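Take a look at the structure below.
Naming convention: chains lettered A, B, ... in sequence-line order (proteins, then strands); numbering from 1 in each chain. In this text, all values refer to a predicted model and were calculated from it rather than measured experimentally.
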2 protein chains.
Amino acid sequence: MSNIENLELAGSYREILRQALYVVRSIDADGELSTAQTSTLNMLAAAPQRISLIARNAGIRVPSATEQVTKLATAGLVERVPSNTDFRVVEVRLTTKGRQALDAANLRRNKTMAQAFESLSAHELESIKLAIPAIEKLNEALSP
Amino acid sequence: MSNIENLELAGSYREILRQALYVVRSIDADGELSTAQTSTLNMLAAAPQRISLIARNAGIRVPSATEQVTKLATAGLVERVPSNTDFRVVEVRLTTKGRQALDAANLRRNKTMAQAFESLSAHELESIKLAIPAIEKLNEALSP
DNA sequence: CTTGACCGTTAGGTAACCTAACTATTAGAC
DNA sequence: GTCTAATAGTTAGGTTACCTAACGGTCAAG
């Protein structure tokens with residue numbers, strides 16, 4: 001497999017990613033939860049996390065994670081729970097309100113996207129399904 | 001094909017896109033050209049464009065496109081050329097310096113990505129290649 | 001019990017978007 | 001032909017989500 005081929009692939013890959021991001025952002029611009037807030041909440045939906053882990057998982061710095069959490073906490077969607085084994089650590093977890101808001105936002109947005117999926121052929125749909133794990137792996141390979 | 005299945009697909013698709021965004025952004029954080037600047041320049045590399053088309057193609061509003069162009073023009077990477085058929089219109093085109101900067105940035109960044117592609121199996125690589133046109137179509141389906 | 005590492009917050013700054021309001025030009029109606 | 005409505009782009013002002021640097025509190029190891 002030639003390097004030049006991969007270079008071109010990288011170019012188109014980049015380009016469709018950029019487009020896809022704007023698309024997702026415009027779907028998320030419905031005034032409920034921003035894209036960043038949603039992804040933080042989605043992370044917390046799986047399990048409570050300390051600030052530093054939120055940052056690491058989201059690919060952002062700790063102060064940015066603090067900022068996100070503060071915003072969400074002010075809105076009552078998450079709560080800070082001081083760890084009782086290490087008093088430096090703050091665990092962040094979804095509140096009931098947070099889970100409801102997240103579920104509602106996810107449902108509506110994923111519905112919009114699922115509709116678009118239906119405009120694809122079965123073959124095209126399949127190709128996206130197959131690519132997801134590969135892209136996941138690629139993301140990891142490109143992470144620090 | 002069930003809706004529920006598509007809903008789940010939408011969720012994972014969203015998630016890997018988010019991750020991919022951070023990855024691309026971190027590759028682009030090399031101080032040369034920002035991700036947004038690069039994508040504007042890439043668009044202009046194909047052909048000169050008026051401001052409103054830059055905005056439309058990039059999925060942003062006209063004032064944001066003006067801002068981007070102003071920034072690039074200040075850096076000497078693009079130039080505004082007033083249309084001589086319609087004096088309201090401004091055509092924006094790459095300067096030589098702009099083309100050089102773009103080529104250099106693209107090469108280095110795509111090289112980084114191409115390296116990561118090589119950590120994938122031939123099968124995984126193929127799945128990404130196949131997915132690109134499908135994602136492109138999906139992007140269009142989700143655009144306003 | 002002190003020193004160094006670690007966790008999170010605060011302070012201050014920037015890039016990239018947005019909406020609303022403006023200017024200049026064009027095109028269409030009468 | 002002129003007046004009006006639409007269009008192209010800019011300006012002004014604001015927000016979000018990131019960043020780095022500097023700080024305070026807590027833990028762990030010598």
Of the listed nucleotides ([options]), which one gets closest to any side-chain atom of [X]?
X: A:I51; options: D:dT20, D:dG9, C:dG8; value: C:dG8
X: B:F87; options: D:dA17, C:dT26, D:dT10; value: C:dT26
X: B:E67; options: C:dC7, C:dA16, D:dT16; value: C:dA16
X: B:R50; options: D:dA8, C:dC17, D:dT10; value: D:dA8
X: B:K71; options: C:dC17, D:dC27, C:dA15; value: C:dA15
X: B:S52; options: D:dG9, C:dC17, C:dT25; value: D:dG9
X: B:D86; options: C:dT26, D:dC18, D:dT16; value: C:dT26
X: A:S64; options: D:dG9, C:dC17, D:dC18; value: D:dC18

How close or far is atom [atom2] of [N] from atom [atom1] of [X], stated in whole angstroms?
X: B:L33; N: C:dA16; atom1: CG; atom2: P; answer: 10 Å
X: A:Q37; N: D:dC18; atom1: CD; atom2: P; answer: 10 Å
X: B:I54; N: D:dG9; atom1: CD1; atom2: P; answer: 9 Å
X: A:L72; N: D:dT16; atom1: CG; atom2: P; answer: 12 Å
X: A:E91; N: C:dC7; atom1: CD; atom2: P; answer: 13 Å
X: A:R56; N: C:dC7; atom1: CZ; atom2: C1'; answer: 13 Å
X: A:I60; N: D:dT16; atom1: CD1; atom2: C1'; answer: 12 Å

Please confirm whether the shortest side-chain N or O distance from A:Q68 to OP1 or OP2 of D:dT16 is below 4.0 Å.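 It does not, given that no N or O in the side chain of A:Q68 lies less than 4.0 Å from OP1 or OP2 of D:dT16.
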Does B:S34 have a side-chain nitrogen or oxygen under 4.0 Å from the phosphate oxygens OP1 or OP2 of C:dA16?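 Answer is yes, contact under 4.0 Å.
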Is it true that a side-chain atom of A:T35 and a backbone atom of A:D28 form a donor plus acceptor pair closer than 3.5 Å? no
Let me know, please, whether A:V90 or B:R61 comes out on the 5' side of the other along DNA chain C by nearest nucleotide.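 Looking at DNA chain C, the more 5' nearest nucleotide goes with A:V90.
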Smallest separation among heavy atoms of B:S127 and B:E124, with atom names: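 Result for this residue pair: OG-O, 2.6 Å.
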Locate the shortest heavy-atom distance separating B:M43 from B:N57; write the atom from each residue and the value.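 Closest approach of B:M43 to B:N57: SD-CB, 3.4 Å.
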Using a strict cut-off of less than 4.0 Å between a Lys/Arg side-chain nitrogen and an Asp/Glu carboxylate oxygen, indicate whether B:R80 and B:E91 qualify as a salt bridge.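 Judged by the 4.0 Å cut-off on N to carboxylate O distance, B:R80 and B:E91 do not form a salt bridge.
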What contact category does A:T66 fall into here, base, sugar-phosphate, or nothing, at under 4.0 angstrom with non-hydrogen atoms? base
Give A:V62 one of three labels, base, sugar-phosphate or nothing, depending on what nucleic acid heavy atoms sit under 4.0 Å from its own.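 Touches a base.
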Any chance you could measure A:E15, atom CD, to B:T38, atom OG1, to the nearest 0.5 Å? 10.5 Å
Output the distance between atom CG (A:N110) and atom CD (B:E8), rounded to the nearest 0.5 Å. 10.0 Å
I want to confirm an ordering. Mapping B:R80 and A:T85 to their closest nucleotides on DNA chain D, which one lands closer to the 5' end? B:R80
Checking only heavy atoms, does the side chain of A:R88 share a donor-acceptor pair with the base of C:dC6 at less than 3.5 Å?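 Pair found.
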